[in-house]
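Note that the structure is a prediction, hence the values are computed from the model and not measured. Below, all heavy atoms of this structure are taken into account, side chains as well, without hydrogens, waters or symmetry copies.
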Amino acid sequence: MSASTAGRAGGAIAALVARARRDVDEGLLPACQVAVARHGELLAFDTFGAPPGRDRFVMWSCSKAITAAAAWQVAGEGALDLTARVVDYVPEFGTFGKDVVTVEQLLLHTAGFPHAPMGPQYWGTSEGRRHAFSRWRLNWEPGTRYEYHALSAHWVVAEILTAVTGRDHRDLVTERVAAPLGLDRLRLGVPEPEQADIVDLTTAGTRATDADWAAAGLTAPPPPPVELPPEAVLFLNAPAAREAGIPAGGAVSTAGDLALLYQAFLTNPGDLWNPEVLADGTGTVRNTFPDEARWGIPANRTRGIVVRGDDEGAHWRMHFGPGTSPRTFGHDGAGGQIAWADPATGISFAYLTAGMEQNRVVELRRGQELSALAAAVAGS
(Lines give C-alpha, C1' and ligand atoms only; values in the text may rest on other atoms or scores of the structure.)
Protein backbone atom coordinates (compact mmCIF):
# COMPACT_ATOMS: atom_id res chain seq x y z
CA MET A 1 0.00 0.00 0.00
CA SER A 2 1.38 3.36 -0.99
CA ALA A 3 1.61 6.22 1.46
CA SER A 4 -1.19 8.06 -0.33
CA THR A 5 -3.45 4.99 -0.33
CA ALA A 6 -2.74 4.41 3.35
CA GLY A 7 -3.61 8.02 4.05
CA ARG A 8 -6.93 7.75 2.25
CA ALA A 9 -7.76 4.52 4.08
CA GLY A 10 -6.88 6.19 7.35
CA GLY A 11 -9.23 9.04 6.53
CA ALA A 12 -12.13 6.69 5.80
CA ILE A 13 -11.49 4.72 8.97
CA ALA A 14 -11.26 7.93 11.01
CA ALA A 15 -14.66 8.99 9.67
CA LEU A 16 -16.17 5.65 10.64
CA VAL A 17 -14.69 5.71 14.13
CA ALA A 18 -15.76 9.31 14.66
CA ARG A 19 -19.35 8.46 13.67
CA ALA A 20 -19.42 5.57 16.13
CA ARG A 21 -18.01 7.72 18.90
CA ARG A 22 -20.43 10.59 18.31
CA ASP A 23 -23.45 8.85 19.79
CA VAL A 24 -21.58 8.13 23.02
CA ASP A 25 -20.17 11.66 23.25
CA GLU A 26 -23.66 13.10 22.75
CA GLY A 27 -25.20 10.84 25.39
CA LEU A 28 -27.39 8.92 22.95
CA LEU A 29 -25.74 5.58 23.80
CA PRO A 30 -23.90 4.48 26.94
CA ALA A 31 -21.19 2.52 25.12
CA CYS A 32 -20.32 1.06 21.75
CA GLN A 33 -17.57 -0.75 19.93
CA VAL A 34 -16.66 -0.70 16.24
CA ALA A 35 -14.34 -2.82 14.10
CA VAL A 36 -13.52 -3.14 10.41
CA ALA A 37 -11.30 -5.83 8.92
CA ARG A 38 -9.82 -6.89 5.59
CA HIS A 39 -7.42 -9.61 4.42
CA GLY A 40 -7.85 -11.41 7.74
CA GLU A 41 -6.66 -8.47 9.84
CA LEU A 42 -8.30 -5.69 11.81
CA LEU A 43 -7.95 -2.26 10.23
CA ALA A 44 -9.67 -0.56 13.16
CA PHE A 45 -11.05 -1.59 16.54
CA ASP A 46 -12.25 1.01 19.06
CA THR A 47 -14.39 1.09 22.18
CA PHE A 48 -16.22 4.13 23.56
CA GLY A 49 -18.02 4.61 26.86
CA ALA A 50 -17.42 1.16 28.34
CA PRO A 51 -16.23 1.03 31.97
CA PRO A 52 -12.57 0.07 32.47
CA GLY A 53 -12.05 -3.67 32.24
CA ARG A 54 -15.25 -4.27 30.30
CA ASP A 55 -14.84 -4.85 26.59
CA ARG A 56 -17.24 -7.63 25.60
CA PHE A 57 -20.78 -6.93 24.48
CA VAL A 58 -23.89 -9.09 24.25
CA MET A 59 -24.57 -9.61 20.55
CA TRP A 60 -28.25 -10.54 20.53
CA SER A 61 -29.24 -11.93 17.13
CA CYS A 62 -25.77 -11.53 15.66
CA SER A 63 -25.41 -14.79 17.63
CA LYS A 64 -27.52 -16.61 15.04
CA ALA A 65 -24.63 -16.56 12.55
CA ILE A 66 -22.39 -18.21 15.15
CA THR A 67 -24.84 -21.04 15.81
CA ALA A 68 -25.29 -21.43 12.05
CA ALA A 69 -21.50 -21.58 11.61
CA ALA A 70 -21.36 -24.58 13.94
CA ALA A 71 -24.24 -26.22 12.06
CA TRP A 72 -22.44 -25.67 8.73
CA GLN A 73 -19.39 -27.42 10.10
CA VAL A 74 -21.31 -30.45 11.32
CA ALA A 75 -23.30 -30.60 8.07
CA GLY A 76 -20.10 -30.40 6.03
CA GLU A 77 -18.76 -33.42 7.88
CA GLY A 78 -21.85 -35.43 6.93
CA ALA A 79 -23.18 -35.77 10.47
CA LEU A 80 -26.15 -33.45 9.89
CA ASP A 81 -28.54 -33.40 6.93
CA LEU A 82 -30.02 -29.92 6.71
CA THR A 83 -32.92 -31.22 4.60
CA ALA A 84 -33.87 -33.86 7.18
CA ARG A 85 -36.77 -33.59 9.59
CA VAL A 86 -36.06 -32.36 13.09
CA VAL A 87 -37.66 -35.51 14.53
CA ASP A 88 -34.95 -37.60 12.88
CA TYR A 89 -32.59 -36.10 15.48
CA VAL A 90 -34.90 -35.02 18.31
CA PRO A 91 -37.96 -37.32 18.42
CA GLU A 92 -39.59 -35.35 21.26
CA PHE A 93 -40.08 -32.43 18.89
CA GLY A 94 -42.64 -34.23 16.72
CA THR A 95 -45.82 -33.41 18.65
CA PHE A 96 -48.84 -31.37 17.48
CA GLY A 97 -47.97 -31.68 13.78
CA LYS A 98 -44.36 -30.49 14.12
CA ASP A 99 -43.04 -33.79 12.74
CA VAL A 100 -42.92 -32.21 9.25
CA VAL A 101 -40.54 -29.39 10.24
CA THR A 102 -37.06 -29.65 8.68
CA VAL A 103 -33.69 -28.47 9.97
CA GLU A 104 -33.47 -26.10 7.03
CA GLN A 105 -36.76 -24.47 7.98
CA LEU A 106 -35.35 -23.72 11.43
CA LEU A 107 -32.47 -21.79 9.86
CA LEU A 108 -34.74 -20.06 7.34
CA HIS A 109 -37.33 -18.92 9.93
CA THR A 110 -40.08 -20.73 8.03
CA ALA A 111 -40.66 -23.41 10.69
CA GLY A 112 -44.03 -22.13 11.89
CA PHE A 113 -43.49 -21.57 15.63
CA PRO A 114 -41.93 -18.09 15.96
CA HIS A 115 -43.18 -17.40 19.48
CA ALA A 116 -42.71 -20.79 21.15
CA PRO A 117 -41.42 -20.19 24.71
CA MET A 118 -38.25 -21.53 26.29
CA GLY A 119 -37.81 -20.45 29.89
CA PRO A 120 -34.93 -20.82 32.34
CA GLN A 121 -36.66 -23.78 33.96
CA TYR A 122 -36.10 -25.77 30.74
CA TRP A 123 -33.10 -24.37 28.86
CA GLY A 124 -30.34 -25.77 31.08
CA THR A 125 -30.55 -29.44 30.10
CA SER A 126 -31.35 -31.55 27.06
CA GLU A 127 -34.19 -33.16 28.98
CA GLY A 128 -35.65 -29.78 29.82
CA ARG A 129 -35.33 -28.44 26.29
CA ARG A 130 -36.90 -31.54 24.79
CA HIS A 131 -39.76 -31.34 27.25
CA ALA A 132 -40.39 -27.73 26.19
CA PHE A 133 -40.29 -28.74 22.50
CA SER A 134 -42.93 -31.41 23.11
CA ARG A 135 -45.35 -28.73 24.36
CA TRP A 136 -44.88 -26.32 21.47
CA ARG A 137 -47.63 -25.85 18.88
CA LEU A 138 -47.50 -24.47 15.36
CA ASN A 139 -48.75 -20.96 14.57
CA TRP A 140 -48.92 -21.69 10.85
CA GLU A 141 -48.00 -24.41 8.34
CA PRO A 142 -44.23 -24.87 8.11
CA GLY A 143 -42.65 -23.72 4.88
CA THR A 144 -45.55 -21.48 3.83
CA ARG A 145 -44.35 -18.07 5.05
CA TYR A 146 -41.61 -16.17 6.84
CA GLU A 147 -41.87 -14.84 10.36
CA TYR A 148 -38.79 -14.11 12.43
CA HIS A 149 -38.17 -16.80 15.06
CA ALA A 150 -36.36 -14.55 17.52
CA LEU A 151 -35.40 -17.30 19.98
CA SER A 152 -37.37 -20.48 19.41
CA ALA A 153 -35.90 -22.12 16.29
CA HIS A 154 -32.26 -21.85 17.34
CA TRP A 155 -32.92 -23.68 20.60
CA VAL A 156 -33.91 -26.60 18.40
CA VAL A 157 -30.81 -26.18 16.21
CA ALA A 158 -28.64 -26.23 19.34
CA GLU A 159 -30.32 -29.39 20.62
CA ILE A 160 -29.84 -31.08 17.24
CA LEU A 161 -26.13 -30.22 17.35
CA THR A 162 -25.89 -31.72 20.82
CA ALA A 163 -27.69 -34.84 19.63
CA VAL A 164 -25.38 -35.48 16.65
CA THR A 165 -22.06 -34.50 18.27
CA GLY A 166 -22.56 -35.43 21.91
CA ARG A 167 -21.25 -31.98 22.88
CA ASP A 168 -23.04 -29.15 24.67
CA HIS A 169 -23.82 -26.45 22.11
CA ARG A 170 -21.79 -23.89 24.06
CA ASP A 171 -18.69 -26.07 24.05
CA LEU A 172 -19.27 -26.89 20.40
CA VAL A 173 -19.13 -23.23 19.37
CA THR A 174 -15.89 -22.74 21.31
CA GLU A 175 -14.25 -25.92 20.03
CA ARG A 176 -15.42 -25.79 16.42
CA VAL A 177 -15.57 -22.07 15.65
CA ALA A 178 -13.96 -19.69 18.15
CA ALA A 179 -10.84 -21.64 19.20
CA PRO A 180 -9.65 -22.69 15.71
CA LEU A 181 -9.93 -19.06 14.58
CA GLY A 182 -8.17 -17.68 17.68
CA LEU A 183 -11.26 -15.71 18.68
CA ASP A 184 -10.62 -15.76 22.41
CA ARG A 185 -13.23 -13.10 23.24
CA LEU A 186 -16.12 -14.73 21.40
CA ARG A 187 -18.19 -17.16 23.45
CA LEU A 188 -21.70 -18.59 23.48
CA GLY A 189 -22.38 -19.05 27.18
CA VAL A 190 -20.02 -17.53 29.74
CA PRO A 191 -19.63 -19.03 33.24
CA GLU A 192 -20.51 -16.53 35.95
CA PRO A 193 -16.90 -16.19 37.26
CA GLU A 194 -15.82 -15.09 33.75
CA GLN A 195 -18.48 -12.41 33.18
CA ALA A 196 -16.79 -9.38 34.75
CA ASP A 197 -15.66 -8.03 31.36
CA ILE A 198 -19.17 -7.97 29.83
CA VAL A 199 -20.75 -4.53 29.45
CA ASP A 200 -24.20 -4.32 31.03
CA LEU A 201 -27.15 -3.62 28.76
CA THR A 202 -29.50 -0.69 29.09
CA THR A 203 -32.22 0.86 26.95
CA ALA A 204 -31.65 4.00 24.89
CA GLY A 205 -33.99 6.45 23.22
CA THR A 206 -37.77 6.36 23.03
CA ARG A 207 -40.15 4.68 20.63
CA ALA A 208 -40.39 6.32 17.21
CA THR A 209 -43.54 8.34 16.56
CA ASP A 210 -45.43 8.60 13.27
CA ALA A 211 -43.83 12.02 12.89
CA ASP A 212 -40.35 10.46 13.21
CA TRP A 213 -41.13 8.00 10.44
CA ALA A 214 -42.62 10.70 8.22
CA ALA A 215 -39.58 12.95 8.73
CA ALA A 216 -37.36 10.08 7.60
CA GLY A 217 -39.48 9.59 4.47
CA LEU A 218 -40.52 6.13 5.61
CA THR A 219 -43.74 4.38 6.51
CA ALA A 220 -43.73 2.70 9.90
CA PRO A 221 -43.70 -1.09 9.47
CA PRO A 222 -46.45 -3.03 11.25
CA PRO A 223 -45.65 -3.95 14.86
CA PRO A 224 -44.59 -7.54 15.51
CA PRO A 225 -47.32 -9.97 16.62
CA VAL A 226 -45.59 -10.31 19.99
CA GLU A 227 -43.83 -7.20 21.27
CA LEU A 228 -41.66 -7.18 24.36
CA PRO A 229 -41.55 -4.17 26.68
CA PRO A 230 -38.24 -2.26 26.53
CA GLU A 231 -37.05 -3.53 29.90
CA ALA A 232 -37.42 -7.14 28.74
CA VAL A 233 -34.32 -6.83 26.56
CA LEU A 234 -32.22 -6.41 29.69
CA PHE A 235 -32.66 -9.99 30.91
CA LEU A 236 -29.22 -10.86 29.58
CA ASN A 237 -27.68 -8.80 32.38
CA ALA A 238 -28.54 -11.72 34.65
CA PRO A 239 -25.53 -14.01 35.19
CA ALA A 240 -27.62 -17.15 34.71
CA ALA A 241 -28.90 -15.94 31.35
CA ARG A 242 -25.39 -15.10 30.17
CA GLU A 243 -24.21 -18.55 31.20
CA ALA A 244 -27.07 -20.33 29.42
CA GLY A 245 -25.68 -19.72 25.94
CA ILE A 246 -28.97 -18.73 24.32
CA PRO A 247 -28.19 -19.85 20.75
CA ALA A 248 -30.26 -17.20 18.99
CA GLY A 249 -29.14 -14.20 21.01
CA GLY A 250 -26.84 -14.91 23.94
CA ALA A 251 -23.30 -14.84 22.55
CA VAL A 252 -20.80 -12.26 23.75
CA SER A 253 -17.79 -10.89 21.90
CA THR A 254 -15.76 -7.89 21.06
CA ALA A 255 -16.53 -6.19 17.76
CA GLY A 256 -12.99 -7.12 16.75
CA ASP A 257 -13.56 -10.85 17.11
CA LEU A 258 -16.92 -10.56 15.38
CA ALA A 259 -15.38 -8.76 12.40
CA LEU A 260 -12.66 -11.43 12.23
CA LEU A 261 -15.27 -14.20 12.30
CA TYR A 262 -16.77 -12.66 9.18
CA GLN A 263 -13.31 -12.53 7.63
CA ALA A 264 -13.17 -16.28 8.21
CA PHE A 265 -16.51 -16.66 6.41
CA LEU A 266 -14.88 -14.92 3.45
CA THR A 267 -11.59 -16.85 3.40
CA ASN A 268 -12.31 -20.20 5.14
CA PRO A 269 -8.86 -20.49 6.74
CA GLY A 270 -7.58 -24.06 6.97
CA ASP A 271 -10.81 -25.26 5.30
CA LEU A 272 -12.56 -24.95 8.63
CA TRP A 273 -15.83 -25.48 6.76
CA ASN A 274 -16.63 -27.65 3.78
CA PRO A 275 -16.27 -25.06 0.99
CA GLU A 276 -19.56 -25.99 -0.67
CA VAL A 277 -21.50 -25.81 2.58
CA LEU A 278 -19.90 -22.47 3.50
CA ALA A 279 -20.61 -21.00 0.06
CA ASP A 280 -24.21 -22.15 0.36
CA GLY A 281 -24.59 -20.72 3.87
CA THR A 282 -23.18 -17.34 2.96
CA GLY A 283 -24.56 -16.96 -0.53
CA THR A 284 -27.53 -19.13 -1.51
CA VAL A 285 -30.84 -17.40 -0.80
CA ARG A 286 -33.51 -19.98 0.03
CA ASN A 287 -36.18 -17.79 1.65
CA THR A 288 -37.64 -14.91 -0.36
CA PHE A 289 -40.94 -14.68 1.50
CA PRO A 290 -41.88 -11.06 2.31
CA ASP A 291 -40.50 -9.64 5.56
CA GLU A 292 -43.39 -7.62 6.90
CA ALA A 293 -41.21 -6.08 9.63
CA ARG A 294 -39.10 -4.52 6.85
CA TRP A 295 -41.81 -3.11 4.57
CA GLY A 296 -42.48 -6.42 2.87
CA ILE A 297 -39.13 -6.68 1.12
CA PRO A 298 -37.98 -10.28 0.53
CA ALA A 299 -36.37 -11.91 3.55
CA ASN A 300 -33.36 -13.02 1.44
CA ARG A 301 -32.32 -15.62 4.01
CA THR A 302 -29.82 -18.40 3.55
CA ARG A 303 -29.45 -21.36 5.88
CA GLY A 304 -28.41 -19.11 8.73
CA ILE A 305 -27.89 -15.52 7.63
CA VAL A 306 -29.13 -12.83 5.22
CA VAL A 307 -27.86 -11.67 1.80
CA ARG A 308 -28.21 -8.00 0.85
CA GLY A 309 -29.40 -8.51 -2.73
CA ASP A 310 -30.05 -5.79 -5.29
CA ASP A 311 -33.79 -5.27 -5.09
CA GLU A 312 -35.35 -1.93 -4.23
CA GLY A 313 -34.59 -1.07 -0.63
CA ALA A 314 -31.96 -3.80 -0.27
CA HIS A 315 -29.63 -1.47 1.64
CA TRP A 316 -32.22 -1.36 4.45
CA ARG A 317 -31.97 -5.12 4.87
CA MET A 318 -29.99 -5.95 8.05
CA HIS A 319 -28.35 -2.50 8.15
CA PHE A 320 -26.22 -3.35 5.11
CA GLY A 321 -26.33 0.26 4.02
CA PRO A 322 -25.46 1.94 0.71
CA GLY A 323 -22.08 1.14 -0.78
CA THR A 324 -22.12 -2.57 0.01
CA SER A 325 -22.41 -5.02 -2.88
CA PRO A 326 -25.45 -7.25 -3.53
CA ARG A 327 -23.40 -10.25 -2.32
CA THR A 328 -22.87 -8.79 1.16
CA PHE A 329 -24.07 -11.15 3.87
CA GLY A 330 -24.55 -10.93 7.62
CA HIS A 331 -26.94 -10.75 10.53
CA ASP A 332 -27.86 -7.84 12.76
CA GLY A 333 -28.99 -7.81 16.38
CA ALA A 334 -31.53 -6.06 18.57
CA GLY A 335 -31.10 -2.38 19.27
CA GLY A 336 -28.69 -1.67 16.42
CA GLN A 337 -26.00 -4.37 16.43
CA ILE A 338 -24.40 -4.88 13.01
CA ALA A 339 -22.25 -7.61 11.45
CA TRP A 340 -21.56 -8.18 7.76
CA ALA A 341 -18.95 -9.10 5.18
CA ASP A 342 -18.76 -8.05 1.53
CA PRO A 343 -17.18 -10.64 -0.79
CA ALA A 344 -16.77 -8.00 -3.50
CA THR A 345 -14.36 -5.90 -1.41
CA GLY A 346 -13.16 -8.25 1.34
CA ILE A 347 -14.36 -5.83 4.02
CA SER A 348 -16.05 -7.10 7.16
CA PHE A 349 -17.69 -4.81 9.69
CA ALA A 350 -19.01 -5.16 13.22
CA TYR A 351 -20.71 -2.66 15.51
CA LEU A 352 -21.87 -3.53 19.02
CA THR A 353 -23.58 -1.39 21.61
CA ALA A 354 -24.80 -1.73 25.18
CA GLY A 355 -27.68 0.68 24.51
CA MET A 356 -30.69 -1.16 23.11
CA GLU A 357 -32.10 1.57 20.87
CA GLN A 358 -35.89 1.89 21.16
CA ASN A 359 -36.32 4.38 18.31
CA ARG A 360 -36.34 2.38 15.09
CA VAL A 361 -35.81 5.47 12.95
CA VAL A 362 -32.69 6.44 14.89
CA GLU A 363 -31.46 2.85 14.77
CA LEU A 364 -31.99 2.59 11.01
CA ARG A 365 -30.28 5.90 10.28
CA ARG A 366 -27.34 5.01 12.53
CA GLY A 367 -26.94 1.62 10.88
CA GLN A 368 -27.10 3.09 7.39
CA GLU A 369 -24.48 5.72 8.17
CA LEU A 370 -22.08 3.34 9.91
CA SER A 371 -22.33 0.67 7.22
CA ALA A 372 -21.86 3.21 4.45
CA LEU A 373 -18.71 4.52 6.14
CA ALA A 374 -17.41 0.98 6.65
CA ALA A 375 -18.04 0.15 3.00
CA ALA A 376 -16.17 3.31 1.98
CA VAL A 377 -12.98 1.96 3.57
CA ALA A 378 -12.63 -0.41 0.59
CA GLY A 379 -12.48 2.45 -1.87
CA SER A 380 -10.05 4.55 0.09
Checklist entry - If you look at every heavy atom in R308 and H315, which pair is closest and at what distance? => result NH2-CB, 3.3 Å
Item to check | Considering all heavy atoms, the nearest V199-A354 contact | outcome: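 The answer is CG1-CB, 3.6 Å.
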Donor on one side chain, acceptor on other, [X] and [Y], under 3.5 Å:
X	Y	result
R135	Y122	yes
T47	Q33	yes
T174	D171	no
S126	E159	yes
T203	Q358	no
E363	H319	yes
W340	S371	yes

Does [X] come within less than 4.0 Å of [Y], counting only side-chain N to carboxylate O?
X	Y	value
D197	R187	no
R366	D23	yes
D55	R185	yes
R56	D257	no

Please check: side-chain N/O of [X] versus main-chain N/O of [Y], any donor-acceptor pairing under 3.5 Å?
X	Y	answer
W295	L218	no
R54	I198	yes
Q195	V190	yes
S63	M59	no
S348	A259	yes

Next on the checklist: Show, in sequence, the C-alpha distance, side-chain angles and deciding distance for L138 and F96, and conclude whether the side-chain contact (heavy atoms from CB on, under 4.5 Å) test is met.
Outcome noted: CA-CA 7 Å; L138 294 171; F96 303 114; over 6 Å; no
Next on the checklist: So that I know where these two stand, are F113 and F93 an aromatic pair - ring centroids less than 6.0 Å apart?
Outcome noted: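 Centroid separation for F113 and F93: below 6.0 Å.
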Next on the checklist: W136 vs M118, test: side-chain contact (heavy atoms from CB on, under 4.5 Å). Steps then yes/no.
Outcome noted: CA-CA 9 Å; W136 289 357; M118 175 67 75; 4.0 Å; yes
Parallel, tilted or perpendicular: which fits the ring planes of [X] and [Y], with parallel below 30° and perpendicular above 60°?
X	Y	result
H109	H149	perpendicular
Y351	F349	parallel
W155	H169	perpendicular

Checklist entry - With sequence neighbours excluded, what pairs up with R242 under the salt bridge (charged side-chain N to carboxylate O under 4.0 Å, His left out) test? => result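 Result, salt bridge (charged side-chain N to carboxylate O under 4.0 Å, His left out) vs R242: D200.
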Next on the checklist: One pair to check against side-chain contact (heavy atoms from CB on, under 4.5 Å): Q337 and S61. What are the steps and the verdict?
Outcome noted: CA-CA 8 Å; Q337 318 271 27; S61 286; over 6 Å; no
Checklist entry - What residue among L266, V306, V285 forms side chain to side chain contact (heavy atoms under 4.5 Å, CB included) with F329? => result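 By the side chain to side chain contact (heavy atoms under 4.5 Å, CB included) criterion, F329 pairs with just one of L266, V306, V285: L266.
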Checklist entry - side chain to side chain contact (heavy atoms under 4.5 Å, CB included) with V58: which of L201, L234, T353, L352? => result L201
Checklist entry - Could you walk me through whether W273 and R176 pass the side-chain contact (heavy atoms from CB on, under 4.5 Å) check? => result CA-CA 10 Å; W273 294 275; R176 297 292 196 97; over 6 Å; no
Next on the checklist: I need the T83 OG1 to E104 CD distance, nearest 0.5 Å.
Outcome noted: 7.5 Å
Item to check | Point-to-point distance, once rounded to the nearest 0.5 Å, from OG1 of T206 to CD of E357 | outcome: 8.0 Å
Next on the checklist: If we check side chain to side chain donor-acceptor pair (under 3.5 Å) with R286, which of these qualifies: T302, N300, D280?
Outcome noted: D280
Checklist entry - Do P221 and W213 come close enough that some side-chain heavy atom pair is under 4.5 Å? => result yes
